[in-house]
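To keep things clear, I will list the structure first and then write my remarks on it.
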Protein chains: 2
Amino acid sequence: MTKTLTTGAAALPLNTILAGDCIEEMRRLPEASIDLIFADPPYNLQLRGDLHRPDNSLVDAVNDAWDQFTGFEAYDAFTRAWLTEARRLLKPNGAIWVIGSYHNIFRLGAELQTQGFWILNDVVWRKSNPMPNFRGKRLTNAHETLIWASRAEGARYTFNYEALKSLNEGIQMRSDWVLPICTGHERLKGADGQKAHPTQKPEALLHRVLVGTTNPGDVVLDPFFGTGTTGAVAKMLGRDWIGIEREAAYREVAEARLDRVRRYDRDTLAVSASKRTEPRVPFGQLVERGLLRPGEMLRSMNGKIAKIRADGTLVADDVTGSIHQVGAHLEGAPSCNGWTYWSVRREGRDLPIDVLRQQIRAEMRDT
Amino acid sequence: MTKTLTTGAAALPLNTILAGDCIEEMRRLPEASIDLIFADPPYNLQLRGDLHRPDNSLVDAVNDAWDQFTGFEAYDAFTRAWLTEARRLLKPNGAIWVIGSYHNIFRLGAELQTQGFWILNDVVWRKSNPMPNFRGKRLTNAHETLIWASRAEGARYTFNYEALKSLNEGIQMRSDWVLPICTGHERLKGADGQKAHPTQKPEALLHRVLVGTTNPGDVVLDPFFGTGTTGAVAKMLGRDWIGIEREAAYREVAEARLDRVRRYDRDTLAVSASKRTEPRVPFGQLVERGLLRPGEMLRSMNGKIAKIRADGTLVADDVTGSIHQVGAHLEGAPSCNGWTYWSVRREGRDLPIDVLRQQIRAEMRDT
DNA sequence: AACGAAATTGAATCATTCG
DNA sequence: GCGAATGATTCAATTTCGT
């Protein structure tokens with residue numbers, strides 16, 4: 001469903017495919033309006049025979065060193081131009097993903113850094129079914145590289161740590177992702193039965209990217225939309241999307257694809273939340289609400305003892321302070337999470353005080 | 001053993017460690033004299049504050065002076081300078097490997113291309129046991145990237161396709177390599193018991209690089225020699241090597257290491273291939289299967305001797321026990337990996353018993 | 001001595017809120 | 001804007017400790 005958001009002066013054409021050159025189309029969009037950009041730029045400019053120098057003269061042969069240098073210069077200029085626009089469009093806490101192979105990923109990564117993007121991870125998409133190297137002259141090219149970067153150092157980028165951990169059977173998600181290439185019924189065909197796009201990315205790849213680094217309702221831009229994998233997965237996941245694509249043939253395939261896609265229901269979209277998103281509960285509230293009594297003793301796993309005072313501070317031996325401060329002092333540690341450090345005696349058992357905090361949070365949700 | 005080759009006007013100081021700055025030392029070497037360069041330059045990590053594990057222990061960060069640069073401009077200038085010298089030293093059909101992380105690999109790759117090197121593959125070293133992301137703020141940084149490039153487009157680089165295929169159990173070697181990081185017995189320690197170098201690379205990595213892209217007798221240069229992994233593996237594999245290292249402490253460790261290393265014989269080379277998650281093989285099986293005879297002597301790198309008994313235990317001086325226990329006792333160490341500690345005499349050479357274990361595992365796989 | 005538990009460690013750009 | 005306070009967070013392999 002097409003909708004528009006007004007951000008400052010200009011409107012944001014949500015959930016549409018813009019027809020045109022990505023740099024020109026990006027220039028028309030309002031700055032600081034996009035949460036995430038996913039970009040799969042062309043890497044084979046020098047092989048297409050349509051390479052132009054910055055002055056628009058045509059490059060003929062690309063075999064000698066001089067033309068090679070020109071080839072990189074032209075590619076770098078192109079990269080610099082679209083990344084500059086991309087950066088302008090991103091919200092301050094926005095982020096970008098780019099994907100490429102050894103032909104272009106080093107130019108992309110270097111330019112990202114030079115422009116001030118802050119690389120968060122490089123990620124390797126390890127293909128479980130790559131094309132072999134038929135001539136036996138090199139290693140099988142079995143991976144592509146993605147770069148995940150925030151708009152600037154210090155930005156508060158979105159990272160759904162727990163959701164990705166869940167996707168990985170409870171173990172922290174690593175920087176190497178094993179996923180099959182896009183084949184079978186997922187691979188879009190044109191009217192002639194041939195593949196509609198030469199480098200269609202698998203939905204599983206975008207699924208992991210969008211689940212991990214966006215939230216529902218975020219705006220995702222793909223300036224090299226192709227047949228619309230980014231839009232399709234964004235729609236399924238309840239994210240808004242904008243695509244830019246120059247080739248009419250790709251746009252047609254993408255439009256039809258996106259019409260077919262359905263958004264997941266709300267329960268499906270919910271992901272494992274991080275504890276960081278839970279509301280803060282001051283320890284003093286446990287005393288105020290009578291879950292703990294002043295004068296009662298707390299104890300740690302390793303037998304340390306402290307007494308609760310009426311103002312929610314603790315006393316132990318020679319020290320007074322918050323549950324965190326006293327815990328850290330008793331352990332000789334630089335810091336300590338008092339919520340997980342202390343327990344209280346209840347019905348003959350040690351009950352972690354974090355359980356009491358969860359009770360309060362449950363009450364807060366119900367009201 | 002040190003030897004020199006005369007190439008044109010200047011001599012090549014084979015199998016020695018040159019003390020000094022890599023750029024200056026490379027300038028003294030004759031052009032077109034090197035077959036392969038392996039370079040592990042500083043990564044320019046740009047670490048900020050301390051990082052603690054969840055148990056409050058402090059992570060031992062790489063904060064050495066040699067990794068400090070004022071910014072990307074300084075790092076790029078450094079990269080440009082040493083790559084220029086590296087390219088001058090390579091024979092026309094020579095090649096280079098560089099290794100890095102997302103902090104520096106994009107600068108390295110872009111500069112390689114700009115100078116006219118021709119990238120053959122990027123290779124991902126997927127670490128089986130990386131350090132986790134303790135704060136849950138990013139993906140686990142579980143890989144490093146290597147770039148393999150010939151001196152120029154069209155060069156006839158060395159690629160031992162069949163050898164790598166053998167290393168990979170008969171399947172074409174891919175661009176992603178799963179190898180453990182360098183720990184345990186292989187990790188070199190200083191006099192203080194601390195790691196001798198913060199970023200020592202595993203020998204298995206260099207083994208694969210050198211088997212795949214050099215021939216016996218080739219000259220391998222490592223301009224960032226560190227504690228000499230490149231030299232050690234080159235020596236084992238019958239390649240000549242040259243190391244350049246600025247820090248005297250690293251050179252000392254490397255010299256001692258290289259004195260200990262022995263060149264493999266051909267049989268050993270064939271077997272000492274891939275290390276992966278392998279089934280446990282009790283030492284006693286080597287005796288049961290006749291790969292070792294009761295009464296035969298084992299010896300360690302530093303000349304300790306022990307006799308094999310029929311039950312798979314060892315006897316040395318005043319002590320009896322497993323290969324691990326006897327090794328630990330002789331070293332006065334609390335523990336010892338007997339598999340890498342002991343060798344047996346075969347055809348006039350010392351053969352690590354780990355090679356025999358690999359033979360058994362190969363048989364287990366085949367049946 | 002043997003086994004299992006506990007401790008150690010690795011190229012790391014590793015926080016957010018409140019006053 | 002800045003300093004202080006709160007509080008969230010780890011995997012695999014090896015080595016050392018304890019029963």
Side-chain angles (χ1 to χ4, degrees), chain A residues 113 118-122 149-150 153-154 156-157 159 161-162 165 168 170-175 274-283 321-325 327-328 334-341 354 357, chain B residues 40-64 66-67 69 72 99-105 125 127-145 180-187 189 193-195 197-202 226 277 313 319-322 324-325 328 333-337 340:
Chain A
Q113 290 178 312
W118 194 247
I119 297 183
L120 301 166
N121 279 112
D122 61 336
S150 62
E153 183 181 2
R156 292 195 214 174
Y157 54 92
F159 181 55
Y161 173 75
E162 292 291 343
K165 191 171 171 179
N168 198 35
I171 293 168
Q172 216 172 59
M173 185 70 79
R174 300 167 38 118
S175 58
S274 166
K275 289 181 188 173
R276 282 186 253 259
T277 61
E278 298 278 338
R280 283 198 175 204
V281 176
F283 176 72
S322 71
I323 53 173
H324 316 294
Q325 291 165 335
S335 73
C336 170
N337 183 345
W339 291 108
T340 54
Y341 181 76
D354 207 19
R357 178 168 66 159
Chain B
D40 181 13
Y43 286 11
N44 187 25
L45 284 188
Q46 309 171 73
L47 302 177
R48 305 288 196 243
D50 286 345
L51 178 64
H52 294 267
R53 298 185 179 82
D55 65 3
N56 276 324
S57 63
L58 181 66
V59 173
D60 184 14
V62 178
N63 47 15
D64 305 71
W66 48 255
D67 198 40
F69 294 84
F72 285 128
I99 180 169
S101 66
Y102 66 83
H103 308 84
N104 70 326
I105 196 66
W125 168 26
K127 302 179 183 183
S128 56
N129 50 346
M131 181 154 67
N133 185 292
F134 295 114
R135 308 298 294 268
K137 302 304 294 182
R138 301 183 181 189
L139 302 165
T140 304
N141 208 347
H143 74 276
E144 294 189 28
T145 302
I181 61 178
C182 184
T183 61
H185 194 262
E186 187 185 327
R187 188 83 193 219
K189 306 289 195 299
Q194 299 296 302
K195 57 190 175 192
H197 192 284
T199 70
Q200 185 184 341
K201 297 292 176 289
T277 48
T313 57
V319 63
T320 298
S322 71
H324 315 296
Q325 291 163 342
S335 71
C336 168
N337 182 346
T340 53

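First the proteins, then the strands, lettered A, B, ... as listed; each starts at 1.
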*Is there a stack between B:F134 and C:dC14, judged by ring centres under 5.5 Å and planes under 30°?*
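The base of C:dC14 is not stacked with B:F134 (the test needs centres under 5.5 Å and planes under 30°).
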
*More 5' along DNA chain D: B:M131 or A:N337, using each one's nearest nucleotide?*
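Looking at the nearest nucleotide for each, A:N337 comes out on the 5' side.
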
*Of A:F283 and A:I171, whose closest DNA chain D nucleotide lies nearer the 5' terminus?*
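Nearer the 5' end of the strand: A:F283.
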
At under 4.0 Å between heavy atoms, what does [X] touch on the DNA or RNA strands: base, sugar-phosphate, or nothing?
| X | answer |
| --- | --- |
| B:N44 | nothing |
| B:G49 | base |
| A:S322 | sugar-phosphate |
| B:P41 | base |
| A:P282 | nothing |
| A:Q325 | sugar-phosphate |
| B:Q46 | base |
| B:T199 | base |
| A:R280 | base |
| B:H52 | nothing |
| B:W66 | base |
| B:N56 | nothing |
| A:K165 | sugar-phosphate |
| A:E162 | sugar-phosphate |

Between [options], which one does the side chain of [X] approach most closely?
| X | options | result |
| --- | --- | --- |
| B:S57 | C:dT9, C:dT13, D:dA13 | C:dT9 |
| A:S335 | C:dA11, D:dG7, D:dT10 | D:dG7 |
| B:K137 | C:dT13, D:dT14, C:dC14 | C:dC14 |
| B:H103 | C:dA11, C:dA12, D:dG7 | C:dA12 |
| B:I181 | C:dA11, D:dT10, C:dC14 | C:dA11 |
| B:P132 | C:dG10, D:dA8, D:dG7 | C:dG10 |
| B:D55 | C:dA11, C:dC14, C:dT9 | C:dT9 |

Is the shortest heavy-atom distance from the side chain of [X] to the side chain of [Y] under 4.5 Å?
| X | Y | result |
| --- | --- | --- |
| A:H324 | A:W339 | yes |
| A:Y157 | B:R138 | yes |
| A:S150 | A:F159 | no |
| B:N104 | B:F72 | no |

*Please confirm whether any donor atom in the side chain of A:W339 sits under 3.5 Å from an acceptor in the base of D:dT6, or the reverse.*
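Looking at the base of D:dT6, it does not pair with any donor or acceptor on the side chain of A:W339 (distance under 3.5 Å).
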
_Any donor-acceptor pair, under 3.5 Å, between the side chain of B:R53 and the base of C:dG10, if you only look at N and O atoms?_
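Yes, the side chain and the base share a sub-3.5 Å donor-acceptor pair.
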
When you check the phosphate oxygens OP1 and OP2 of [N], does a side-chain N or O of [X] lie under 4.0 Å from one of them?
| X | N | value |
| --- | --- | --- |
| B:R135 | C:dA15 | yes |
| A:Y341 | D:dA8 | no |
| A:T277 | D:dA8 | no |
| A:H324 | D:dG7 | yes |

Quick one: [atom1] on [X] to [atom2] on [Y], what's the gap to the nearest 0.5 Å?
| X | Y | atom1 | atom2 | answer |
| --- | --- | --- | --- | --- |
| B:R187 | B:I181 | CZ | CD1 | 7.5 Å |
| A:Y161 | B:R135 | OH | CZ | 11.5 Å |
| A:E162 | A:T277 | CD | OG1 | 9.5 Å |
| B:N133 | B:N141 | CG | CG | 8.5 Å |

Using purine N1 to pyrimidine N3 plus N6-O4 or O6-N4 for Watson-Crick, or N1-O2 and O6-N3 for G-U wobble, each under 3.5 Å, what pairs with [N]?
| N | answer |
| --- | --- |
| D:dG18 | C:dC3 |
| C:dA12 | none |
| D:dT9 | none |

*When you compare D:dT19 with C:dA1, how far apart are their C1' atoms, in angstrom units rounded to a whole number?*
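Per the computed distance, 12 Å lies between those C1' atoms.
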
*Anti versus syn assignment for C:dT13, with syn defined as within 90° of 0*: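 In terms of base orientation relative to the sugar, C:dT13 is syn.
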
*Does A:R156 or B:E144 map to a spot on DNA chain C nearer the 5' end, using the closest nucleotide for each?*
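Result of the comparison: B:E144.
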
